[in-house]
Amino acid sequence: MIDMHLPILLIVVPLVSAPLCVLLRQKTLVWAFASLVCVASLGIASMLLIRVLEEGVISYAIGGWIAPWGIEYRVDTINAFVLLLVSIIAAVLMFFALPSVADEISGKQHYLFYTAYLLCFTGLMGIAITGDAFNVFVFLEISSLSSYTLIALGRDRRALTASYQYLIMGTLGATFIVIGIGLMYMMTGTLNMFDLSERLPAMFETRTAMVAFAFLTVGMLIKLAMFPMHMWLPNAYCYAPSLVTAFLAATATKVSIYVFLRFTFTVWGAEFVFEKLKLDAFLIPLSLIGIYVASLSAIYQTNIKRLLAYSSVAQIGYMMLGIGFVSITGLTGGIVHLFNHALMKAALFLSVGCAVLRLGSSDLADWKGLGRRMPVTMAAFVLAGLSLIGVPLTVGFVSKWYLILAALEKGWWPIALLALLSSLLAVIYVWRVVEVAYFQKADDDSNVKEAPLMMQISMWVLTGATLYFGIQTDLTVNVAQRAAGLLLGVTP
Amino acid sequence: MISVGLFNYWACMILMMIGLYTAIARPNLVKKLIGLSIFQVSVFLLYISMGKVSGGTAPILGEGIDTYSNPLPHVLILTAIVVGIATLSLGLALVVRIGEAYDTIEEDEIIERDVVND
């Protein structure tokens, strides 16, 4: 019986729990409750993925209203994968949360922090699971509004301006998406994604359809921080509390990329977007420029969180590059990188969070000699950093391998070469941190303790995952390949 | 006649551009939010206009009426209005806190004060 209702439970459980956090109030109690909710969601999400892999697409009609009239939740391989990713990250981060939030957020606001965290989590899961275009917008705003709140909780006053800037850009992006959805509805009279994909082809020649597509795509590109629409991202990641940075970096942009995949491939269809409108001629150069510009900016940063934020923009470039190839291999690379980057960036931001807890700063200059003062934290940073570069036996290598394979498959060897060379830039910015931490002497030799065990658990689970999935690639690559086949409408 | 029939869409586009320009170009944080609100309202207008069926009445069952306007876009916009209010209030709350932290809500002055601090 409960098996039937898994898709809706995934949304209802965290959504209802969020206001309950406000009622509980007591710090540790709220934390324990929120952790329980995240773990429960992780359980539901993994059950869903297993069922989808066994039985195929699951469709759930909310309130018994059959699609296309009612809102449909539709789970297939791609979003089951994204749902699992978001819930894994949310659950693993809860270990980190207890000491980190106690340190960075004032005691009176803890319960509000967890409320916003659960709401943001609900929104992200909702975006991923829904099969209704307007519902995407509603969940997008739930997650965005709560993430603005979470960012504004940062200690620095610049967190406020960062959050404000993100609010303006995010709302513009989301409103662009609504305009696009509205125009699509105008032409077809339906909001259900599956139904839209059947009715839209008849409208492809009209100007309204073109405008709808343009608004929708620009809106989504703002939301996923595609270069050059990434300006909101570095500040937001830099000044947010450590936990929030790790959570958003690992999930928010990834879910937006999923939305992009869903709309371009499932709703509009690869044929219209890439053969008629030639979006790839726009995506591939922009991704490559984005990779280089953002990586070069990362090299010159003096704050490690900001450095990693710019590196995130560059990594989004890799994912979009993979999508721009419009081939099974390219999409596999893009989707695998989506998963892998979430793991490694979360691990990196968590190790920064551990250092921030003890040093109170993420400025590069304060990290002198940290390799000797906090060896365990720095070891995790280096391992996850190797992943960012794409060293073999780490997850970063797996995704870059598929991207370069996809470029060579098309005979575009200059792009393969450029993607390879860009890894060298990653070597430089990771090396800058390593150099300061291991080869420079600390200004003061005061003893710094390692971070509490709870934080290290989260950090090492994710760092371990970057190594595990780097060696054991079957699971991620298989799922990504099936997802890519589904998006392109062929079975690999 | 065509231009009259498209009046709503013209109004919507003009409002949209005014809102977008204000949200991007104005340095005052409150004015930016006003621009953002105008931008969102123009989209409400777009949705409400598309729900109108010429000659149709309000979608309430009645005798002798067979043409109704489409109520669905209106319902969607109810949701969007709620979202708009939430965004605006959150934005204003942020502006209040920015004002407290910086003693100004002009973007250029805020940037100046941060540079001095660094």
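In the text below, chain A, chain B and the rest are named by the order of the sequence lines, each starting its count at 1. Note that these values count all heavy atoms, side chains included, but never hydrogens, waters or copies made by symmetry.
Atom CZ of B/Arg26 has 12 or fewer heavy atoms from other residues, nucleotides or ligands within 6.0 Å. Annotation for A/Met186: atom CE counts as buried by contact number, over 12 foreign heavy atoms lying within 6.0 Å. Dense packing is recorded around CZ of A/Arg155, with more than 12 heavy atoms of other residues, nucleotides or ligands lying under 6.0 Å away.
For A/Ile181, the parts sitting under 4.5 Å from any heavy atom of chain B are the backbone and the side chain alike. At a 4.5 Å heavy-atom cutoff, the contact between A/Tyr164 and chain B is made by backbone and side-chain atoms alike. Contacts between A/Ile142 and chain B at a heavy-atom distance below 4.5 Å are absent for every atom of the residue. With a 4.5 Å cut-off on non-hydrogen atoms, B/Ile98 touches chain A through its backbone and its side chain both. The contact between B/Thr79 and chain A is made entirely by side chain atoms (from C-beta outward), counting heavy-atom distances below 4.5 Å. Proximity to chain B (any heavy atom under 4.5 Å) is restricted, for A/Val138, to the side chain, taken from C-beta onward.
Side-chain contact check for A/Ile168 versus B/Leu33: some heavy-atom pair is nearer than 4.5 Å. Annotation: side chain of B/Leu76 is not in contact with side chain of A/Phe137 (no heavy-atom distance under 4.5 Å). You'll find the side chain of A/Arg157 reaches within 4.5 Å of the side chain of B/Asp114, heavy atoms only. Counting only heavy atoms from C-beta outward, the side chains of B/Asn70 and A/Tyr185 approach each other to under 4.5 Å.
In terms of heavy-atom pairs under 4.5 Å with chain A, the best-connected choice from B/Val43, B/Leu72, B/Thr87 is B/Thr87. Chain B forms the most heavy-atom pairs under 4.5 Å with one residue out of A/Gly170, A/Ala174, A/Gly182, and that residue is A/Gly182.
Among residue pairs with one or both ends in residues 47-90 of chain B, none qualify as ring pair (Phe, Tyr, Trp, His ring centres under 6.0 Å); sequence neighbours excluded.
Here the CD atom belonging to B/Glu107 is positioned 7.0 Å from the CD atom belonging to A/Gln165, to the nearest 0.5 angstrom. Atom CG of B/Leu90 and atom OG of A/Ser163 lie 6.5 Å apart (nearest 0.5 Å). To the nearest 0.5 Å, atoms CD (B/Gln40) and CG (A/Leu172) are separated by 8.5 Å. A distance of 11.0 Å separates CE in A/Met169 from CG in B/Leu36, rounded to the nearest 0.5 Å.
A/Val436 meets the side chain to side chain contact (heavy atoms under 4.5 Å, CB included) test with A/Leu364, A/Trp367, A/Lys368, A/Gln440; sequence neighbours excluded. Applying the side chain to side chain donor-acceptor pair (under 3.5 Å) criterion to A/Glu198, with sequence neighbours excluded, gives no partner residue.
Residues B/Ala86 and A/Leu145 share a closest heavy-atom pair of CB-CD1, 3.7 Å. Scanning all heavy atoms of the two residues, the minimum distance from A/Leu160 to B/Ala101 falls at CD1-CB, 4.2 Å.
Of all residues in residues 13-22 of chain B, those placing a non-hydrogen atom less than 4.5 angstrom from a non-hydrogen atom of chain A are B/Met16, B/Leu20.
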